[in-house]
Amino acid sequence: MVQPVARPSGMPGRDCPRCPRLVAFRKTWREREPDWFNAPVDSFGPVDARLLIVGLAPGLRGANRTGRPFTGDYAGDLLYATLLKFGLARGSYQAKADDGLELLDCRITNAVRCVPPENKPTPEEIATCRDFLAATIKEMPRLNAVLALGRIAHEAFVAASGARRSQFPFGHGRSHKLGALTLVDSYHCSRYNTNTGVLTPQMFHDVVAQARAAARSSDGGEKRV
Ligand code: SF4
């Protein structure tokens, strides 16, 4: 049975019980690595940001270990270096949650807040965690643009917006209008995608610049979520 949302915000509780498989995985890793974060990873960055970056889910040894999205694994190296390059972050990224890095007019979240086995959440888990994604979008009063990292993040955002997925096909560099929000798609900045040349650093720089421009140029207004 689906449990009610623990809190009416974009922050699931540390022991969110809604996805039994992920709860069991979390428990296993709490026992195995008691010093790791091992809990739903909250969004990072100011709530009044105009740009929201949506990833897939915490990496086991990345965000699940450190407690901050994209922190501690390869995807974070490329993402944070790019945000620093484009003035969307300030400080120095040192792959740990207390490195003092600050996001500027930009926030990062994940479509699924708990680490999934083999980095693969099930469709049901993605749908279950969507309430938190929708709440995250809703609680951002100035949000203008969303950068989706990968197809799953794209589809989760479209569904959270109440739109039909078939109307908004995913494509790297593609831009969509959903109500007052602009959705920009990117391939995920994973090690696999960059090692195989699916996503080059230049492609990623270009799409982040595109999303930043969309966040700064949109008028804002009533959101559909
Ligand atoms: S993935 Fe989301 S809905 Fe599922 S247990 Fe974690 S926080 Fe709760």
Side-chain angles (χ1 to χ4, degrees), residues 1-47 49 52-73 75-76 79 97 103 107-140 143 146-163 165 170 178 181 183 188-190 192 223-225:
M1 192 177 85
V2 175
Q3 304 285 324
V5 175
R7 292 184 228 168
S9 78
M11 293 170 53
R14 187 170 165 83
D15 295 312
C16 179
R18 301 180 91 198
C19 304
R21 187 181 76 118
L22 302 188
V23 170
F25 196 57
R26 201 163 69 198
K27 183 168 177 287
T28 299
W29 281 94
R30 282 182 183 177
E31 288 164 7
R32 203 176 289 180
E33 295 287 352
D35 295 334
W36 288 10
F37 185 73
N38 291 317
V41 176
D42 282 338
S43 309
F44 173 43
V47 78
L52 177 67
I53 298 174
V54 182
L56 168 59
L60 179 62
R61 291 177 172 75
N64 177 64
R65 177 174 59 83
T66 63
R68 193 175 72 180
F70 285 89
T71 299
D73 55 17
L79 176 62
L103 297 188
R107 198 175 187 213
I108 305 175
T109 196
N110 278 313
V112 174
R113 300 296 181 88
C114 293
V115 58
E118 294 172 17
N119 222 23
K120 288 192 180 115
T122 65
E124 191 183 6
E125 288 158 357
I126 297 165
T128 302
C129 208
R130 195 184 298 143
D131 289 338
F132 294 111
L133 178 60
T136 297
I137 296 161
K138 217 176 210 167
E139 73 192 7
M140 296 181 69
L143 185 64
V146 172
L147 174 63
L149 301 182
R151 182 184 300 276
I152 290 176
H154 163 95
E155 292 181 352
F157 173 76
V158 171
S161 301
R165 280 191 294 188
F170 173 83
L178 286 92
L181 298 180
L183 168 64
H188 194 282
C189 50
S190 64
Y192 179 82
K223 296 192 279 280
R224 294 183 54 177
V225 179

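Atoms within a ligand are numbered from 1 in the order they appear, just like the ligands themselves.
When each of C16, S43, P40 is checked for a side-chain contact (heavy atoms from CB on, under 4.5 Å) with F132, only C16 meets the rule. Screening R18, R113, K138 for a salt bridge (Lys or Arg N to Asp or Glu O under 4.0 Å) involving D131 leaves a single residue, R18. Checked against I152 for a side-chain contact (heavy atoms from CB on, under 4.5 Å), the options L56, V54, N110 give a single hit: L56.
Between W36 and W29, the ring planes lie parallel to each other; the angle is under 30°, not in the 30° to 60° tilted range.
For the pair R68 and F44, the cation sits on the ring face: its NZ or CZ lies under 6.0 Å from the ring centre, inside 45° of the axis. Geometrically, R14 engages F37 in a cation-pi contact, judged by NZ or CZ lying under 6.0 Å from the ring centre and within 45° of the ring axis.
Ordered by chain and number, C114 SG make up the set of protein N, O or S atoms under 2.8 Å of atom 6 (Fe) of ligand 1.
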